[in-house]
Structures are given as structure tokens and as C-alpha cells.
Amino acid sequence: MVFSPTYVTAVRVANILNLTTANGDAITSGNIDELAGSISEAIINDYIEGAEQHLDDKCNRAWRLKTVDDYEYHDFLSRDYYGAGYWGYGGYGRKSVVKDLKFDEIMTLDNGEGDVLELLTTTDTWTDLLITGSSGGSPQDSNGDYFLQGKEGKLYLLGDLPIFGYDVIRLKYRYGGNETVPASIGEATGMRAASRILDWLPDTIVRSEDSGGPSWGDLQKRWTELIADTIKQYNNKSFKPIYL
């Protein structure tokens, strides 16, 4: 399947790098197939693909529809249980255990769409709550088995719980694609792709450079700072450190 950029165009990345045609013309959507040097729109798109994935992972969210295809695992330890609050009549009832999922902006869990929410209920038995249980209407719904705050990426277990241990909760889910791509995300993606092209393919491009302006090395440092600022703006998962 051919990758199609969502956050930024190859033309924008070419302009960030001041790429030109063989005749020295600025790159537009009408002449991007005339790029000077051995770089091409397809190669630029390859780097955009990596940059989009980088922004998704570091921001813990996406502005394109994505799927957690491999299981995302979570632990259930004694501190999860004893740190959870009882709720119900007179302050007593069931435990509401909350887990921070990796990503925000999660779509409603749906077994028919391939989503999975499984608990390890014995040492060798996984129970899928999307099949055997039901979603509550709130984190304190006495009629639900789980509740997902999709926007914040928080999962509440309201009924049966897994056995204690590591990797005893596992999920597959869909996220992103519900919002317009912010301009800052587009620019951060373009700068990330441009910087990686400079790192790995410096001899494939022909670019103009203003001798009176900052060097490409200085620009790369500035791009790194701007990308970090953008990630901090959108990363709401305080438990996950940001590494560029």
C-alpha cells in the first residue's frame, strides 16, 4: 500500500529544504516531479511517513485514524487494587480501577471493528469484556463492566478484575482521525522529515542556501527545539517521558 501523507505535503518539505528544479525554480505541486538531484517525491514521502509516526508516538495521539494492531499490555498489581476507591451505597461497593492507556483520542471500543479488551482471569484464560461484558455510562456505573474515557485515554475496570500480575490486561483499539491536523503538527512533521533527509541523504539533494542566514546545522537545532515544544503542547501523558 502506497503511503499518502496526512500531516504535511512533500512540497512543503521541499520548500523547508529550499529544494529546486534543475532550472532553479521553487518546488510547487506542479513541478515536484522535476526535483534537482536524485531525490524524489516518493523518497520525501518515505521520510514524512517516519515523521508522522514519530509525532504520533511522542504526542500519544494521532490526527489520522490508526489502530493498535499489536496488543497493548498493562499490569494489575496490589497497588492498583488498594489504591482504587470503593464506590457505591454508603461508600461501599465495587472497585473502580483506572488505567492510563498509551494514546488519547480513542474511539468507542467495538468488537466488530477488531477492538479487544481482555483480562487474564486465570493463569491461562483471557476474558474479552467486549464480548462477555458491557460498557458503563460513567466511571461509577454499577451496571457496567468497564468505561472508556476515550479523549483522555483512560480505561476504568468496574466489575470483574484480572489476576494480579504483569501484562494481565491487554487491548487493541482505534484512535485518532477525529480532528483537523493543527498547523503546528504539520510544521513539526515537515521539520522532522527535512532534518532526517539532511542527516541521511545530504548528497541526493540540490538546495539553495542564503550565505547570510543560519547554517543548515543551526536550522536543524532550531527545528529540534520547535518539534519538542510542539510535542509538549499535545502530550498529555505525564507518566511517559519525551525523547526526541
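Atoms considered below: every heavy atom in the structure, side chains included; atoms not considered: hydrogens, waters and symmetry mates. Positions are given from 1, in the same order as the sequence printed here.
Under a cutoff of 6.0 Å and an axis angle of 45°, R196 and Y47 do not form a cation-pi pair.
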Test salt bridge (Lys or Arg N to Asp or Glu O under 4.0 Å) on E72 and K99 and set out the steps. CA-CA 12 Å; E72 176 180 317; K99 285 293 178 179; over 6 Å; no
With side chain to side chain contact (heavy atoms under 4.5 Å, CB included) as the test, would you mind laying out the steps for L219 and L198 before giving the verdict? CA-CA 11 Å; L219 281 174; L198 286 176; over 6 Å; no
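A distance-only check finds a donor-acceptor pair linking the side chain of N31 to the backbone of A26 [under 3.5 Å]. Between the side chain of T67 and the backbone N or O of D69 there is no donor-acceptor pair closer than 3.5 Å. Between the side chain of D128 and the main chain of L130, a donor-acceptor pair closer than 3.5 Å is present. Proximity of a side-chain donor or acceptor of Y7 to a complementary backbone N or O of W63 within less than 3.5 Å is detected. A donor-acceptor contact shorter than 3.5 Å links the side chain of D75 to the backbone of D167.
In this structure, P139 and L158 approach most closely via the heavy-atom pair O-CD2, 3.0 Å. In terms of heavy atoms, I44 sits closest to A14 at CD1-CB, 4.4 Å. In terms of heavy-atom proximity, N143 sits nearest to S134 at O-OG, 3.6 Å. Between D160 and L119, the shortest heavy-atom contact is O-CD1, 3.4 Å.
Residues in residues 150-179 take part in these ring-ring contact (aromatic ring centres under 6.0 Å, His included) pairs, two or more places apart or across chains: F76-F164, F103-Y175.
Distance NE2/H54 to CD/E49: 15.0 Å, rounded to 0.5 Å. Separation of atoms CG (N235) and CG (N60) is listed at 4.5 Å; rounding is to 0.5 Å.
You'll find the side chain of L101 reaches within 4.5 Å of the side chain of L148, heavy atoms only. Two residues are said to be in side-chain contact when any heavy atoms from C-beta on lie closer than 4.5 Å; I169 and L157 meet this criterion.
In this structure, K151 does not pair ionically with D104, as no charged nitrogen and carboxylate oxygen lie closer than 4.0 Å. Electrostatic pairing of R64 and D56 counts as a salt bridge here, judged by a charged N lying under 4.0 Å from a carboxylate O. With respect to K172 and E118, no salt bridge is recorded, no charged nitrogen being found less than 4.0 Å from a carboxylate O. Using a 4.0 Å cut-off between a side-chain N of Lys or Arg and a carboxylate O of Asp or Glu, K66 and E52 do not qualify as a salt bridge.
Scanning for side chain to side chain contact (heavy atoms under 4.5 Å, CB included) contacts around S195 gives D199, Q220, W223, with sequence neighbours left out. Annotation: side chain to side chain donor-acceptor pair (under 3.5 Å) contacts of N45 (sequence neighbours excluded): none.
Side-chain contact check for N18 and T20: no donor-acceptor pair (N or O, by modelled atom type) lies under 3.5 Å. With 3.5 Å as the limit, one finds a donor-acceptor pair spanning the side chains of T127 and T121.
Heavy atoms of other residues, nucleotides or ligands lying less than 6.0 angstrom from CG of D218 number more than 12.
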